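Small disclaimer: the values here were computed from a predicted structure and weren't measured.
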Amino acid sequence: MALTEQGYKNRLIDKKIEHYLKLFGGLSIEGPKWCGKTWTALNHAASVVFMLDPENNYSNREAAKLNPASVLNGNKPLLIDEWQEVPGIWDAVRFASDRTDEKGLYLLTGSVTPKERSFAHSGAGRIGRIRMHTMSLFESGDSSGAVSLLSLFNGDGVDSGISKLSQNKLINLVIRGGWPENININIDDAGILPSQYIMALAQTDITEADNKKRNPDLVLHLLAAVARTNMTQAGLTTIVADVQSRFGDVSRQTVSDYLSTLVRLYVVDEIPQWFPELRDKLRLRKAPKKMLTDPSIAISALKANHNDLERDPRTLGGVFENLCIRDLLIYSESIGAKLSHYHDSNGVEVDAIIELGAKWAGIEIKLGAHRVDEGAATLLRLKKKVVSKGAVEPAFLCIITSGGPLYTRDDGIHVIPIDCLRPA
């Protein structure tokens, strides 16, 4: 019998967890703190060991340090929460899984990726890995789900409709973010949790990630620097210059180290470049886009509020794109698809490319309806360019908007408000 907590709100990742528990002896659920990993894992666990339980002076953690296998007893599936406190647990789970044909024995949850060489074996073939994000609009109940991403890949059209998303509600959603604890909170208090999140990150979490002392003020400024370049291909040089404008002669290596740790903490995501299989190779930029894992982090890092976002459409557009890519990541992973972006040396840049098997789709994100034509022109340019070089025709092209009508243009491009989308 699962240990599901009262009030648990089902997540899209639940079905994937059920599937993977049938394939692997152990399953690692990875993602940022406070995104709901523990509650979701409990929904599938029959027993649990909390590594950060302070009872008896953290007896679970201390016992695991002496003998990692000692915490593997319990009804299966057994959840080991924050396993990275004792990296040897990974090898213990891998070894235990290797000695039996049984599946679905262990669940591991962690908020930081341990450095390489902190455990002996990758766990390949024995421990599956699933990335968890904060809640999408569909999971939080803020999307009608009128359009299925999977159905678009299957060639289905869209029924005309109207979004219920106003600018005021959109601003509330990006300030609130997708944190489970924030979903039903009064909007006046919605900014407190992400603000506390980045303070805890700067003062404690980034140091505890590898017991390396770091400057909290530099961490907060770096988050703001990433927020200012959120969803762009701004290189490390741009971010280093931003940091140096405040802190002086901070080395490139130091900034790179801080950024790498933020990636390990799942606070910064990197969206890879799309490299289509073409007869003629295009000159493509290889740098990934850097994105904060939730739009509320960007807003907190920039110390912006509701009025600031109303007055500054550029910043609102950036965090709106952050929200859309977060949701598209969640939806893509839910249907077994891969999300990337496209940017070539001739300036053709498309916000999101989703690949499902041999099929692909191009997606532009536009805050205002007045920019839909611009997005359509970019998508058609991409289609013409890559198809002429040998790529297959896209399964669909789509513009994600912040509200307004849901429809298909005469050129076949779908216009879909973000609050009308669901994965399948």
Side-chain angles (χ1 to χ4, degrees), residues 131 136 147-158 230-235 269-291 320-367 371-401 406-418 420-424:
R131 172 64 196 274
S136 65
V147 179
S148 157
L149 182 63
L150 184 60
S151 72
L152 294 176
F153 273 104
N154 291 333
D156 295 343
V158 302
N230 213 5
M231 295 314 308
T232 74
Q233 278 188 292
D269 288 323
E270 294 183 324
I271 309 300
Q273 168 73 282
W274 181 49
F275 294 96
E277 294 294 331
L278 305 176
R279 290 191 301 266
D280 298 322
K281 297 299 181 183
L282 297 171
R283 293 178 61 195
L284 301 174
R285 300 187 178 187
K286 297 181 180 180
K289 284 185 176 181
K290 290 181 172 58
M291 177 185 95
F320 171 64
E321 185 174 345
N322 197 161
L323 179 149
C324 292
I325 295 294
R326 178 203 67 190
D327 281 13
L328 289 172
L329 266 174
I330 295 169
Y331 301 158
S332 298
E333 291 170 3
S334 178
I335 64 172
K338 175 185 175 183
L339 185 140
S340 53
H341 76 100
Y342 180 89
H343 193 177
D344 65 31
S345 59
N346 293 322
V348 179
E349 183 175 5
V350 174
D351 296 323
I353 303 292
I354 300 179
E355 297 172 271
L356 182 62
K359 299 177 181 179
W360 69 276
I363 299 175
E364 276 282 86
I365 298 168
K366 298 299 178 186
L367 179 65
R371 298 190 63 194
V372 166
D373 287 343
E374 174 190 332
T378 299
L379 290 171
L380 293 173
R381 186 180 174 193
L382 169 71
K383 175 183 175 181
K384 180 179 179 180
K385 188 165 192 174
V386 300
V387 170
S388 71
K389 297 292 185 180
V392 299
E393 293 273 342
F396 67 91
L397 299 174
C398 169
I399 300 168
I400 301 291
T401 66
L406 162 66
Y407 64 101
T408 301
R409 292 164 46 101
D410 292 340
D411 54 18
I413 297 175
H414 304 305
V415 179
I416 304 174
I418 188 60
C420 294
L421 200 58
R422 73 177 195 273

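Glu321 has no carboxylate O lying under 4.0 Å from a charged side-chain N of Lys366, or vice versa, which leaves the two without a salt bridge.
When atom types are taken as modelled, the side chain of Thr378 and the backbone of Glu374 share a donor-acceptor pair closer than 3.5 angstrom. Side chain of Ser332 to main chain of Leu328: a donor-acceptor pair is present (N/O by atom type, distance under 3.5 Å, no hydrogens or angles). Looking at Lys359, its side chain does come within 3.5 Å of a backbone N or O of Phe153 through a donor-acceptor pair.
Classification of the Trp274-Trp360 ring pair by plane angle, with boundaries at 30° and 60°, yields tilted.
Annotation for Pro288 and Glu270: closest pair CB-CB, 4.0 Å, computed over non-hydrogen atoms. The two residues Pro272 and Ser340 have their closest heavy-atom pair at O-CB, 3.1 Å. Of all heavy-atom pairs between Ile399 and Ala376, the closest is CD1-N, 3.5 Å. Of all heavy-atom pairs between His341 and Ile271, the closest is CD2-O, 3.2 Å. Residues Asp351 and Ile365 come closest through the heavy atom pair OD2-N, 2.7 Å. Taking both residues in full, the closest heavy atoms of Cys398 and Leu379 are given as O-CD1, 3.4 Å, listed atom of the first, atom of the second, then distance.
Taking CG of Leu149 as the start and CD1 of Ile416 as the end, the distance is 8.5 Å to the nearest 0.5 Å. Atom CG of Leu339 is separated from atom CG of Asp327 by 11.0 Å, given to the nearest 0.5 angstrom. Remark: Arg422 CZ to Ser151 OG distance equals 6.5 Å, nearest 0.5 Å. One distance of note links CE of Met291 with CG of Leu323; it measures 9.5 Å at 0.5 Å rounding. The CG atom of Leu356 lies 11.5 Å from the CG atom of Leu152; values are rounded to the nearest 0.5 Å. How far CD1 of Ile353 is from CZ of Phe275: 12.5 Å, rounded to the nearest 0.5 Å.
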Give the C-alpha distance, both sets of side-chain angles, the deciding distance and a yes or no for salt bridge (Lys or Arg N to Asp or Glu O under 4.0 Å) between Asp344 and Lys385.
CA-CA 11 Å; Asp344 65 31; Lys385 188 165 192 174; 2.9 Å; yes

Could you check Arg381 against Val386 for side chain to side chain contact (heavy atoms under 4.5 Å, CB included), going step by step and ending with a plain yes or no?
CA-CA 9 Å; Arg381 186 180 174 193; Val386 300; over 6 Å; no

Please walk me through it: do Val372 and Ile413 pass side chain to side chain contact (heavy atoms under 4.5 Å, CB included)?
CA-CA 10 Å; Val372 166; Ile413 297 175; over 6 Å; no

Assess whether side chain to side chain contact (heavy atoms under 4.5 Å, CB included) is satisfied between Lys338 and Ile354, documenting all intermediate values.
CA-CA 6 Å; Lys338 175 185 175 183; Ile354 300 179; over 6 Å; no

Does the side chain to side chain contact (heavy atoms under 4.5 Å, CB included) test come out yes or no for Val348 and His343, once each step is laid out?
CA-CA 6 Å; Val348 179; His343 193 177; over 6 Å; no

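A heavy-atom distance below 4.5 Å is found between the side chains of Asp269 and Arg131. Between Gln273 and Tyr342 there is a side-chain heavy-atom pair separated by less than 4.5 Å. Looking at Thr401 and Ile418, their side chains never come closer than 4.5 Å, going by heavy atoms from C-beta outward.
When the ring pair (Phe, Tyr, Trp, His ring centres under 6.0 Å) test is applied to Tyr331, no partner is found at least two apart in sequence or on another chain. When the side-chain hydrogen bond (donor to acceptor under 3.5 Å, both in side chains) test is applied to Asp373, the partners found at least two apart in sequence or on another chain are Arg409.
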